[in-house]
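One-based numbering along the sequence shown. Start at 1 and go down the list; that is how both ligands and their atoms are numbered. These numbers come from the heavy atoms of this one structure, side chains and all, not from hydrogens, waters or symmetry mates.
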Amino acid sequence: MRAIAVSEYGATPALMNLPRPEPGPGEIRVKLIAAGLNPLDWKIADGMLKDSLDVPFPLILGQDGAGVVDAVGEGVTRLRPGEQVYGSFFGAERGLGSYAEYAIARDDGPVARMPAGMIYTQAAAVPTASMTALAMVDQARVDTGQTVLVVGATGGVGQGAVQLASRAGAKVIATALDDMAGTMRRLGADETVDHSKGDLNRQVLAVHSDGIDVVLDMVSDTATAEHIAQMLRPGGTYISTIWAVNPDAMEARGLRGVNFQGTPSSALLERLSALIDASAFRVRVEREVPLAGAAGALAGNRAGGARGKTVLRI
Ligand SMILES: NC(=O)c1ccc[n+]([C@@H]2O[C@H](COP(=O)([O-])OP(=O)(O)OC[C@H]3O[C@@H](n4cnc5c(N)ncnc54)[C@H](OP(=O)(O)O)[C@@H]3O)[C@@H](O)[C@H]2O)c1
């Protein structure tokens with residue numbers, strides 16, 4: 001099968017012809033039509049897992065995908081051949097991933113039937129970023145009347161977080177450069193602040209002099225997070241997806257600091273499917289690229305400036 005893989009950590013991802021994987025007991029095989037790109041994909045290609053997991057090479061990249069179940073292993077009871085599914089296909093310990101014609105998932109893993117009427121390229125854009133946004137908003141216990149600042153709001157996770165925090169009844173402030181301010185408001189942001197135009201605290205406190213309740217942060221380093229946290233009211237929550245928070249230092253200031261670690265699941269995907277079916281959640285696909293263009297798409301994501309999701313057409 002055609003797949004995008006690296007021959008070693010740090011190598012340029014390349015189109016290769018690799019064996020089609022077979023589903024083992026409790027596993028399904030999916031013929032993928034589209035794969036979604038996440039920053040995690042180039043981080044893994046760079047070697048992020050090298051001290052925690054033994055992976056074989058070539059290592060196929062990618063987690064997210066959407067397609068059709070084409071074979072099932074012994075003992076599979078939930079999903080059936082022919083069903084349209086989407087989800088997270090992490091399989092690095094076997095060299096497998098979603099930038100490929102076929103991927104493997106556990107029947108009880110983070111894969112679900114696709115939302116009704118959704119096309120494959122949209123569905124492939126959902127899993128990792130939107131599950132992260134949903135679990136983060138849950139973990140922050142975002143509630144009616146709270147003020148929530150989303151930092152990195154224009155990216156895949158951020159766009160989901162803005163929609164879900166707004167839906168939970170919060171007043172949402174989203175970071176956005178000028179070109180994305182209107183989009184962020186349409187997704188549910190009440191206000192936007194432009195992170196290229198000086199200190200965020202000064203911009204936010206100009207409108208919210210009594211502080212804010214929650215920060216959902218996808219981009220700030222530890223020093224910046226410490227600074228932004230000065231805006232939180234006592235008892236406020238700061239969640240970082242890039243592990244930039246020092247929870248003890250936050251606790252000493254009467255705050256809750258959380259380094260978010262996602263646990264993808266079919267339950268999270270099914271909640272997202274229900275929201276998508278009800279037109280209460282959407283993903284913005286910024287760019288569709290053929291599978292062979294994956295290396296360029298990964299380099300583009302690494303360079304920054306995402307305005308939504310990038311999807312590979314397989
Ligand atoms: N811990 C976990 O389980 C978990 C799960 C999912 C994702 N993550 C991590 O979370 C991060 C975000 O993921 P993503 O998928 O949302 O990435 P993404 O789609 O690439 O988006 C990142 C966004 O942040 C914006 N940005 C960059 N610097 C900024 C700044 N200083 N202030 C405000 N916005 C800024 C970028 O736009 P501009 O460059 O134009 O500003 C871009 O829109 C990644 O590092 C990813 O690996 C972690």
Side-chain angles (χ1 to χ4, degrees), residues 35-49 52 61-64 88 90 110 124-140 149-165 172-181 183-184 187 189 191-204 215-225 227-228 231 238-245 247 257-265 268-269 272 283-287 297-311:
L37 184 152
N38 291 286
L40 186 61
D41 304 342
W42 54 259
K43 292 181 187 182
I44 288 176
D46 283 357
M48 177 184 156
L49 298 176
S52 56
L61 301 181
Q63 331 266 305
D64 292 354
S88 175
F90 185 74
V126 172
T128 297
S130 305
M131 281 193 276
T132 300
L134 185 56
M136 246 183 132
V137 170
D138 283 354
Q139 206 168 353
L149 170 65
V150 182
V151 185
T154 44
V157 178
Q159 291 192 17
V162 166
Q163 294 177 70
L164 295 162
V172 177
I173 310 166
T175 57
L177 306 187
D178 278 348
D179 64 318
M180 282 296 281
T183 300
M184 298 320 295
L187 289 175
E191 299 160 31
T192 58
V193 284
D194 185 337
H195 49 287
S196 72
K197 292 195 175 140
D199 186 42
L200 272 190
N201 292 29
R202 185 180 47 71
Q203 296 185 59
V204 171
V215 180
L216 304 176
D217 194 333
M218 272 55 74
V219 294
S220 302
D221 61 18
T222 301
T224 309
H227 176 62
I228 293 172
M231 289 192 278
Y238 201 116
I239 304 193
S240 165
T241 59
I242 59 163
W243 285 65
V245 159
V258 179
N259 288 312
F260 180 83
Q261 184 54 59
T263 309
S265 68
L268 282 171
L269 279 175
L272 288 166
V283 286
R284 186 168 192 266
V285 174
E286 177 189 10
R287 189 174 298 128
L298 287 161
N301 182 262
R302 185 198 292 269
R307 296 288 175 265
K309 297 292 299 179
T310 296
V311 172

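Residue contacts with ligand 1, taken as heavy atom pairs separated by less than 4.0 Å, do not involve Asn259 at all. With a heavy-atom cut-off of 4.0 Å, Ile242 touches ligand 1 through its side chain alone.
When atom types are taken as modelled, the side chain of Glu286 and the backbone of Ala306 share no donor-acceptor pair closer than 3.5 angstrom. Although no hydrogens or angles enter the test, the distance criterion places a donor-acceptor pair under 3.5 Å between the side chain of Asp41 and the main chain of Asn38. Side-chain atoms of Asn259 come within 3.5 Å of backbone N or O of Ala244 as a donor-acceptor pair. Remark: side-chain polar atoms of Thr224 are not paired, donor with acceptor, to backbone N or O of Ser220 under 3.5 angstrom. With Gln203 contributing its side chain and Gly198 its backbone, the two residues share a donor-acceptor pair below 3.5 Å. No donor-acceptor distance shorter than 3.5 angstrom exists from the side chain of Thr154 to the backbone of Arg307, with no hydrogens or angles considered. The backbone N or O of Gly152 sits less than 3.5 Å from a side-chain atom of Thr175, completing a donor-acceptor pair.
Polar contact check, Thr154 against ligand 1: a nitrogen or oxygen pair lies under 3.5 Å apart. No N or O atom of Val219 sits closer than 3.5 Å to an N or O atom of ligand 1. Ligand 1 has no nitrogen or oxygen under 3.5 angstrom from a nitrogen or oxygen of Gly304. Between Val157 and ligand 1, an N or O atom pair is found at a separation short of 3.5 Å. For ligand 1, one of its N or O atoms has an N or O atom of Arg307 under 3.5 Å away.
Taking atom 10 (O) of ligand 1 as the reference point, the nearest protein heavy-atom neighbour is Thr241 OG1, 2.8 Å. Of all protein heavy atoms, the one lying nearest to atom 46 (C) of ligand 1 is Lys43 NZ, 3.7 Å. The protein heavy-atom contact nearest to atom 3 (O) of ligand 1 is Gly262 N, 3.2 Å. Regarding atom 20 (O) of ligand 1, its nearest protein heavy-atom neighbour is Asn301 ND2, 3.2 Å. Ranking protein heavy atoms by distance to atom 11 (C) of ligand 1, first place goes to Met218 O, 3.4 Å. For atom 42 (C) of ligand 1, the closest heavy atom belonging to the protein is Ala306 O, 3.6 Å. Taking atom 5 (C) of ligand 1 as the reference point, the nearest protein heavy-atom neighbour is Thr132 OG1, 3.2 Å. The nearest heavy-atom contact from the protein to atom 1 (N) of ligand 1 is Phe260 O, 2.8 Å.
No side-chain heavy atom of Arg287 sits under 4.5 Å from any side-chain heavy atom of Lys309. Looking only at side-chain heavy atoms (C-beta outward), Tyr238 and Ile228 come within less than 4.5 Å of each other.
Closest heavy-atom approach to atom 30 (C) of ligand 1 among the candidates Lys309, His195, Met131: His195. For atom 22 (C) of ligand 1, the choice among Gly155, Gly156, Ala133 with the nearest heavy atom turns out to be Gly155. In this comparison of Gly305, Pro39, Ser240, Ala129, the heavy atom closest to atom 17 (O) of ligand 1 sits on Pro39.
Here Arg202 does not pair with Asp199 in a salt bridge; the nearest charged N to carboxylate O distance is not below 4.0 Å.
Atoms of ligand 1 lying under 4.0 Å from at least one heavy atom of Thr175, given by number and element, are 33 (C), 34 (N). Every atom of ligand 1 with a heavy atom of Leu177 under 4.0 Å away is listed here by number and element: 40 (O).
Looking at every heavy atom in both residues, Ile242 comes nearest to Val219 through CD1-O, 3.5 Å.
Note that the CD1 atom of Ile239 and the OG1 atom of Thr132 stand 11.5 Å from one another [nearest 0.5 Å].
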